Structure formats: structure tokens, C-alpha cells
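Note that ligands are numbered from 1 as they come in the structure, with each ligand's atoms numbered from 1 the same way. Note that this is a predicted model, so its numbers are computed, not measured.
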Amino acid sequence: MSVKAIKPDSKIVLVIGGSGFVGRHLVEKLCSLGYTVRVFDLRTTFEHEKVTFYNGDLCNKQDLLKCMDNVDTVFHCATPSPLSNNKKVFLRVNVDGTKNVLDACFEKGVKNLILTSSASVVYSGSNIEHGDETLPYAKRPLDCYTQTKIQQEKLVLSANSESLKTIALRPHGIFGPRDPHMLPTTARLAAAGKTKFIIGKGINKVDFTYIDNVVYAHVLAAQQLQQKPEIAGNAYNITNNEPILFWEFMSRLLKGLGYAAPKYHLPYYFIYFLAFLVQIFVFIVSPFKTIRPTLTTMTVALAGTHHYYSCEKAASEFNYSPVVKLEDAIERTLQSVPELHNKHAKKVK
Ligand SMILES: NC(=O)C1=CN([C@@H]2O[C@H](COP(=O)(O)OP(=O)(O)OC[C@H]3O[C@@H](n4cnc5c(N)ncnc54)[C@H](O)[C@@H]3O)[C@@H](O)[C@H]2O)C=CC1
Ligand SMILES: CC(C)CCC[C@@H](C)[C@H]1CC[C@H]2C3=C(CC[C@]12C)[C@@]1(C)CCC(=O)C[C@@H]1CC3
């Protein structure tokens with residue numbers, strides 16, 4: 001199905017986390033389709049003539065109730081930074097906050113709730129190839145972000161009912177203009193000379209998903225939920241459907257930013273063990289000092305294992321297929337971040 005499958009609509013929708021990376025792109029798309037859009041977020045990061053902004057904390061139900069009158073559909077894409085390691089904040093926002101979102105939706109008679117979940121809810125550090133939605137939740141998730149995303153998704157899907165239809169979309173490795181995680185972290189590591197090494201053999205395939213495809217899936221799922229209510233209560237993987245070698249993808253980003261591609265191999269288990277030691281150290285000093293290491297068992301595992309997923313279920317049940325190919329997506333992303341390009345790179349003629 002083409003992008004034409006998305007129809008203009010004027011319903012009132014609320015985007016929780018609408019000032020963030022995914023949220024803002026979604027808001028812009030919804031506005032362009034004619035929806036009446038409200039944003040609920042801790043912060044306001046942009047202005048838009050068609051959007052009403054509500055600043056608040058989703059951990060406070062009263063804050064949420066103030067913006068939910070007459071709302072048809074809620075998109076919940078708020079999260080603390082996935083790269084943080086603050087367990088308390090993850091539990092408070094992703095778990096307790098999501099319970100507030102559900103309570104407020106029921107109280108205000110909201111009809112649909114679309115959760116931005118994550119494909120990582122089934123990932124515990126071992127290879128996943130063509131993983132589909134029948135995979136069980138990770139028994140031992142590698143970090144508290146993933147642990148609380150699992151709890152959040154379970155809460156949302158089990159709240160699915162006649163009055164409130166819920167759905168969870170599971171994108172993976174989202175990138176694109178204004179991404180606050182992947183590109184900035186990669187550029188920061190490169191500028192510090194820390195991207196010379198490949199963790200493991202460099203033959204692990206992964207999914208990276210362009211932001212427009214993630215947004216497309218959200219709008220499509222919300223619209224299809226009205227026509228095919230039987231899709232409610234389900235989780236769907238959302239990817240670019242073009243698995244790529246992790247280190248090829250990183251090399252393309254690095255070269256595009258004007259840095260050399262990594263070339264020296266380091267043994268996977270050795271680096272994983274190092275990351276484990278770093279985590280123990282971070283835990284020991286945590287009462288005195290907050291450290292946010294880039295080298296964690298989760299990032300090492302993500303860099304050294306296969307993790308790619310099937311989005312056959314989203315394709316067959318609500319006609320999802322990516323609208324921007326990986327090649328274009330990488331190009332557009334690199335062009336959107338002139339400030340991250342290496343200022344000392346030699347010009348190639
Ligand atoms: N970035 C990625 O690669 C992936 C992200 N996801 C999911 O996509 C969703 C969106 O993530 P991003 O846009 O990348 O994150 P982001 O950090 O850019 O945006 C999150 C937004 O939530 C807001 N927020 C945080 N705590 C809040 C609270 N207590 N009350 C109100 N607002 C609050 C933040 O202010 C921010 O604007 C999240 O659910 C995340 O788990 C899933 C897979 C991959
Ligand atoms: C090793 C370096 C050259 C590059 C480091 C890149 C990493 C910062 C990113 C690679 C895979 C990314 C990823 C996420 C965050 C950024 C990376 C670790 C998530 C954890 C974001 C939230 C999710 O739901 C899952 C993502 C998986 C992939």
C-alpha cells in the first residue's frame with residue numbers, strides 16, 4: 001500500500017512526548033494531515049501554529065487530565081533517554097507514568113492509545129534473526145530502559161478493551177534528522193578518536209529504522225485501528241525491512257561525517273567483560289557520583305550481535321511497508337547534521 005493509505009483527518013489527537021525526536025516528527029505529520037494536535041511534554045522544543053502545547057509531567061495525573069478533553073487518540077512516545085542508567089526515573093516515567101496515562105485515558109473516554117514501544121523488549125543480548133512478535137519478552141533484559149519498556153508494553157496491551165483500544169509499535173534503532181541519540185553519540189565518539197575499533201567479527205546484521213517510516217507506521221496504525229478493530233491489543237515490529245551489517249551502517253555514518261571507518265577488530269567477549277566491569281564500577285560509585293558510560297553491556301551487545309526483526313505482521317495486518325529506503329535515509333540524515341561533520345576532514349575531490 002502506498003503513502004496514500006494515510007487519509008486527512010481532523011480528529012483531536014494528543015502526542016505525549018511530542019517535543020522529543022519521534023514525537024515532534026509525528027506531530028508535524030499529523031498537522032500536515034489536518035489533525036487537531038495537542039502536545040504534552042516536560043518541555044517545549046518548537047513552535048507550531050497548529051499545535052497546542054501543554055507542559056507537564058506524565059507522572060502527575062492531574063497534569064495529564066488537563067489536556068485530554070475530547071481527545072480521540074493518544075500517542076504515547078515519552079521516555080527518559082534510553083542511554084541513561086537511572087533506574088528510578090525509568091520506573092517512575094515508563095511504568096508509573098504509563099499507568100497514569102492509562103487511567104487518564106479511561107477517565108476522559110479516549111478511544112485509542114498507540115504506544116511507541118521498542119523491538120528491544122525481546123532482546124537479552126543473544127542473536128535475533130528475523131525475530132517476529134511470537135518471541136517472548138526478554139527474561140533478563142540488559143538494562144533498565146529495556147526492563148521498563150517491557151513492563152510498559154505489558155501494561156498498555158493488557159488495558160486493551162471495548163472502550164480503549166491499545167496497540168504497541170516496536171521500532172528499532174531509529175535515526176534521522178534531529179535524532180538525539182545515535183548520530184550525536186557516534187559523532188562524539190568519533191571526534192574523541194574512539195571509533196577505530198570493530199567489536200567482534202563485524203558480520204552481525206541489525207535493523208535501523210528511518211524516522212519517517214516510524215511516523216508513517218504510527219499514523220497508519222491509528223487509522224487502521226478504526227477500520228480493523230481486531231488489530232487492537234497487539235504489538236508490531238516496525239523496521240526499514242533492510243537489515244544491514246551493524247559495522248557497515250556505522251562506517252557509512254562515520255565516513256559521511258568525515259571520519260575514517262573502524263578497521264581494527266576487538267574480541268567481542270573481552271569487550272563485553274570490560275563493559276560488565278565498567279557497570280559494576282558505575283554501580284559502586286553511584287551513591288556519590290552519576291556516571292553515564294557509553295560502554296555498557298547493552299551497547300556492546302547491540303554492536304556485536306544480530307538483532308533484526310520481521311515486520312510481516314504489520315505488513316499483513318495494517319499494510320505497513322517502509323516509505324523511505326535505507327540508502328536515501330542515510331543520505332538525508334547526514335545532510336541534516338552539518339554541525340556534526342568533522343571540521344578537520346580532508347576534502348575528497
Ligand atoms: N530512539 C530510538 O532509537 C528508539 C526509541 N524508541 C521509543 O520511541 C519513543 C520516543 O523516543 P525518542 O523520541 O527517541 O526520545 P526523546 O528523548 O527524543 O523524546 C522523549 C520525550 O519525552 C519527554 N518526557 C520524558 N519524560 C517525561 C515525563 N515525565 N513527562 C512528560 N514528558 C516526558 C521528553 O521531554 C522528550 O521530549 C520512546 O518511547 C522510546 O522508547 C523505540 C525504539 C528505538
Ligand atoms: C559503536 C559506535 C561506533 C556507535 C555507537 C552507536 C550507538 C549510540 C547506537 C547504536 C545502536 C543504537 C540503539 C539505541 C540507542 C543508540 C545506539 C546504542 C537504542 C538502545 C535506543 C532505544 C531503543 O529502544 C533501542 C535502540 C537500539 C539501537
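Per-residue contacts place Gly56 under 4.0 angstrom from the following atoms of ligand 1 (heavy atoms of the residue considered): 30 (N), 31 (C). Close contacts between ligand 1 and Asp57 involve ligand atoms 28 (C), 29 (N), 30 (N) [criterion: under 4.0 Å to a heavy atom]. Each of the following atoms of ligand 1 lies closer than 4.0 Å to a heavy atom of Pro180: 18 (O). Near Val22, meaning under 4.0 Å from one of its heavy atoms, ligand 1 places the atoms 10 (C), 13 (O). Close contacts between ligand 1 and Tyr145 involve ligand atoms 6 (N), 7 (C), 40 (C), 41 (O), 42 (C) [criterion: under 4.0 Å to a heavy atom].
Taking only nitrogen or oxygen atoms, main chain and side chain alike, Ser118 does not reach within less than 3.5 Å of ligand 1. At least one N/O-N/O distance between Leu58 and ligand 1 falls below 3.5 Å. For ligand 1, the polar-atom distance check against Gly20 finds a nitrogen or oxygen pair separated by under 3.5 Å. Inclusion of Ile174 in the set of residues having an N or O under 3.5 Å from an N or O of ligand 1 is warranted. Every N/O-N/O distance between Thr185 and ligand 2 stays at or above 3.5 Å. An N or O contact shorter than 3.5 Å is missing between Thr299 and ligand 2 by distance. Note: no N/O pair closer than 3.5 Å links Gly17 and ligand 1 by distance alone.
Comparing Tyr123, Phe249, Trp247 by heavy-atom distance to atom 1 (C) of ligand 2, the nearest is Trp247. Comparing heavy-atom distances from atom 17 (O) of ligand 1 across His181, His218, Gln152, His172 singles out His181 as nearest. Ranked by closest heavy atom to atom 36 (C) of ligand 1, the top entry among His25, His76, Arg43 is Arg43. When Lys196, Arg188, Lys149, Met250 are checked for heavy-atom proximity to atom 10 (C) of ligand 2, Met250 turns out nearest.
Nearest protein heavy-atom neighbour of atom 2 (C) of ligand 2: Leu189 CD1, 4.0 Å. In terms of protein heavy-atom proximity, atom 35 (O) of ligand 1 is nearest to Asp41 OD1, 2.6 Å. Scanning the protein heavy atoms around atom 3 (C) of ligand 2, the nearest turns out to be Thr195 CG2, 3.8 Å. For atom 15 (C) of ligand 2, the closest heavy atom belonging to the protein is Leu83 CD2, 3.9 Å. Looking at atom 21 (C) of ligand 2, its nearest protein heavy atom turns out to be Pro82 CB, 3.9 Å. Looking only at protein heavy atoms, the nearest one to atom 17 (C) of ligand 2 is Met182 SD, 4.7 Å. Closest to atom 13 (C) of ligand 2, if we only count protein heavy atoms, is Leu302 CD1, 4.1 Å.
For the residue pair Tyr35 / Thr73, no side-chain donor-acceptor distance below 3.5 Å is found, with atom types taken as modelled. Remark: the Gln152 side chain and the Lys149 side chain contain an N/O donor-acceptor pair separated by less than 3.5 Å. Checking Asn241 against Ser321 by side-chain atom types alone, no donor-acceptor pair falls below 3.5 Å.
Note: Phe208 and Phe249 have parallel aromatic rings, judged against thresholds of 30 and 60 degrees for the angle between ring planes. Note on ring orientation: taking the six-membered ring where Trp is involved, the planes of Tyr216 and Tyr320 are tilted (angle from 30° to 60°). The aromatic rings of Phe46 and Phe53 sit perpendicular to each other, their planes meeting at more than 60°, with 30° as the lower class boundary. Ring orientation note: the planes of Tyr308 and His306 are nearly perpendicular, at an angle over 60° on the 30°/60° scale. Ring geometry for His218 against Phe75 counts as tilted: the plane angle lies between 30° and 60°, on a 0 to 90° scale. Between Phe318 and Tyr236, the two ring planes are perpendicular [angle over 60°; tilted spans 30° to 60°].
Minimum heavy-atom separation, Arg292 to Asn85: CA-ND2, 4.4 Å. When all heavy atoms are compared, the tightest approach of Gln279 to Thr297 is OE1-N, 2.8 Å.
At least one heavy atom of Ser120 sits less than 4.0 Å from an atom of ligand 2. Residue Ser81 places no heavy atom under 4.0 Å from ligand 1.
One finds the SG atom of Cys105 at 5.5 Å from the CG atom of Leu164 (value rounded to the nearest 0.5 Å). Between the CG atom in Leu169 and the NE2 atom in His76 there is a gap of 13.0 Å [rounded to 0.5 Å].
Of the listed residues (Asp132, Asn237, Asn234), just one forms a side chain to side chain donor-acceptor pair (under 3.5 Å) with Lys313, and that residue is Asn234.
Using a 4.0 Å threshold on non-hydrogen atoms, atom 25 (C) of ligand 2 counts as touching the protein. Contact annotation for atom 7 (C) of ligand 2: protein absent (non-hydrogen atoms, distance under 4.0 Å). Checking atom 19 (C) of ligand 2 against the protein gives no heavy-atom contact under 4.0 Å.
The residues Arg252 and Glu327 are annotated as salt-bridged, a charged nitrogen and a carboxylate oxygen being separated by less than 4.0 angstrom.
Note that Arg170 lies outside the cation-pi zone of Tyr309, set by a 6.0 Å cut-off to the ring centre and a 45° limit from the axis.
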Which pairs of donor and acceptor atoms, one on a side chain in residues 256-268, lie under 3.5 Å apart (sequence neighbours left out)?
{"from": "His265", "atom 1": "ND1", "to": "Gly200", "atom 2": "O", "distance (Å)": "2.8"}

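Contact annotation for Val93 and ligand 1: only side-chain heavy atoms (C-beta onward) come within less than 4.0 Å of the ligand. At a 4.0 Å heavy-atom cut-off, ligand 1 does not touch Ala119 at all. If you look at Lys149 next to ligand 1, the close heavy atoms, those under 4.0 Å, all belong to the side chain.
Counting non-hydrogen atoms of neighbouring residues, nucleotides and ligands closer than 6.0 angstrom, the CD atom of Glu162 reaches no more than 12 such neighbours.
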